[in-house]
Amino acid sequence: MRRAFTRVPQQRPLSIFLFFLCVFSGCTYALAVHSHHESEALSQFTTWCPGFAALCTCLLLRIPFGTLGWGWPARRFLRLAYCLPLIYATPVYLLTWLVIRGAFSLNSFEAAMADSYGLGRSAALGTFGVALPLLFTVSVIGEAVWALGEELGWRGFLFPRLQQRFGFHGACLISGSIWAVRHYPEILWTDFDAGTNAVFALACFTVMVVALAYIMGYLRVRSGSIWPCVLLHATHNTFVQGVFDPLTAPVGWAKYITTEFGAGLAVAIVLAGTVIVSTGLPRKGFSLASTDEPRQSEGSAGIV
């Protein structure tokens, strides 16, 4: 039987996704900007705005959820995703600790880590025997729940459809730019920053996020799955924000080199992205996006 539907124009899913993204993000940022602070609950909802936008677009246009990349990838991509933040962040922070006197703050880091488990009298044991092992495992899993919300939108929905129209590099550049710009309100008008000059922070953050989008795009294309992207997002947030930043005192030029708003991490991720992406991309014309066709109504032949 002849199909009872026509293909959805390529630009329509993108436009509707961006509309939902603006509505959801606008509501949450209005509250955050009003209070100049993002509460934990509000921050968690904010991370899921791209995912909600993707799911709503799929429901509205009857696009199968399977196009979002749920398939489980080869383990080598998960191993790479887990280790990458350690690979690109460690040299930046080590150099900062060595060059800037007083930047390495192990004692305060141990105290904070151990106290959170009631082991303040045994700071080293509490940090290296309890806190860090849990952070590298349980905390990563917990962070992945929130990273999934962003990655459903960025790499699950947006990236494949941009790639279909603009190719790999165009998709990485556009999705990375949207990803970065969406964070601008909280960087400019809330306490989500490192205390550096706003223009400098925005520039470094934008370069870092766009470069990270290239790495995410590579993982999405090569693995065919969003899960390596989710894991990389989770480990980046956990290791950079939960380990490296607390280990670094904001003395001298340290805050202009480290954190997600510093030049060091931006340069390191650009270098990492250049190396990773240059190792190989799919053939020209390859696209992750399945045909964005609506599901057939009852009585039509076939199932999309």
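Note that the structure is predicted; figures quoted are calculated from it, not measured.
Between F159 and F168, the two ring planes are perpendicular [angle over 60°; tilted spans 30° to 60°].
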> Taking it one step at a time, do C56 and F24 satisfy side-chain contact (heavy atoms from CB on, under 4.5 Å)?
Replying inline: CA-CA 11 Å; C56 287; F24 295 146; 3.9 Å; yes

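L95 places none of its side-chain heavy atoms less than 4.5 Å from the side chain of I257. L247 has its side chain out of reach of Y93: every pair of non-hydrogen atoms, C-beta onward, lies at least 4.5 Å apart. Between L188 and L202, the closest side-chain pair of non-hydrogen atoms falls below 4.5 Å. Within the 4.5 Å cutoff, side-chain heavy atoms of E151 are placed close to those of M216. Using a 4.5 Å heavy-atom cutoff, the side chains of T67 and R161 are in contact. Side-chain contact between H183 and Y29 is present, with at least one heavy-atom pair separated by less than 4.5 Å. Counting heavy atoms from C-beta on, the side chains of F136 and T238 never come closer than 4.5 Å.
Linking ILVMFWY residues whenever their side-chain heavy atoms come closer than 4.5 Å, directly or via other members, places I63 and F65 in the same cluster. Linking ILVMFWY residues whenever their side-chain heavy atoms come closer than 4.5 Å, directly or via other members, leaves L271 and L86 in distinct clusters. V270 and L265 fall into different hydrophobic clusters, defined by Ile, Leu, Val, Met, Phe, Trp and Tyr side-chain heavy atoms under 4.5 Å apart, directly or through other members. Residues V243 and L98 fall into different hydrophobic clusters, defined by Ile, Leu, Val, Met, Phe, Trp and Tyr side chains chained together at heavy-atom separations under 4.5 Å. The hydrophobic clustering, which links ILVMFWY residues whose side-chain heavy atoms are closer than 4.5 Å, places L162 and I16 together.
Within the model, atoms CD of Q163 and NE2 of H169 stand 10.5 Å from one another, a figure rounded to the nearest 0.5 Å. To the nearest 0.5 Å, the span separating CG on L68 from CG on L158 amounts to 11.5 Å. In this structure, CD in E143 is found 8.0 Å from OG1 in T47, a value given to the nearest 0.5 Å. Atom OH of Y256 sits about 7.0 Å away from atom CZ of F200, to the nearest 0.5 Å. Here I87 contributes atom CD1 and F239 contributes atom CZ; the two are 11.0 Å apart, rounded to the nearest 0.5 Å. Within the model, atoms CG of L21 and CG of L14 stand 12.0 Å from one another, a figure rounded to the nearest 0.5 Å.
Alongside L42, the hydrophobic cluster contains L31 (criterion: ILVMFWY side chains under 4.5 Å). Other members of the hydrophobic cluster containing Y117, listed by chain and number, are L119, V130, L134, V138; membership follows side-chain contacts under 4.5 Å among ILVMFWY residues, whether direct or relayed. Clustering of Ile, Leu, Val, Met, Phe, Trp and Tyr side chains at separations under 4.5 Å leaves V199 isolated, with no partner residue. With a 4.5 Å cut-off between side-chain heavy atoms of Ile, Leu, Val, Met, Phe, Trp and Tyr, the cluster of I141 takes in none.
Legend: residues meeting ring pair (Phe, Tyr, Trp, His ring centres under 6.0 Å) with F52, ordered by chain and number and at least two apart, are F45, W48. Applying the side chain to side chain contact (heavy atoms under 4.5 Å, CB included) test to A54 and every residue at least two apart in sequence or in another chain returns F17, F157. Among residues two or more places apart in sequence or in another chain, the side chain to side chain donor-acceptor pair (under 3.5 Å) test is passed with Y214 by none. Every residue meeting the side chain to side chain contact (heavy atoms under 4.5 Å, CB included) condition with A266, not counting sequence neighbours, appears here in chain and number order: V207, M208.
Each side chain to side chain donor-acceptor pair (under 3.5 Å) pair with one or both residues in residues 258-267, not counting sequence neighbours, appears once here: H236-E260, Q241-E260. Applying the side chain to side chain donor-acceptor pair (under 3.5 Å) rule to pairs touching residues 197-209 yields Y184-T206, sequence neighbours excluded. The side chain to side chain donor-acceptor pair (under 3.5 Å) analysis of residues 16-27, with sequence neighbours excluded, yields the pairs S25-R182.
If you look at F104 and F109, their ring centroids are not closer than 6.0 Å. Annotation: F77 is not in aromatic contact with Y218 [ring centroid separation under 6.0 Å not met].
In this structure, T196 and A201 approach most closely via the heavy-atom pair OG1-CB, 3.5 Å. When all heavy atoms are compared, the tightest approach of P133 to T137 is O-OG1, 2.7 Å. Scanning all heavy atoms of the two residues, the minimum distance from G102 to A249 falls at O-CB, 3.5 Å.
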Compile the donor-acceptor pairs under 3.5 Å between side chains in residues 170-181 and protein atoms, sequence neighbours left out, one pair per line.
residue, atom, partner, partner atom, Å
S175, OG, A171, O, 2.6
S175, OG, C172, O, 3.4
S177, OG, L173, O, 2.7
W179, NE1, E150, OE1, 3.1

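A side-chain N or O of T248 and one of W97 form a donor-acceptor pair less than 3.5 Å apart.
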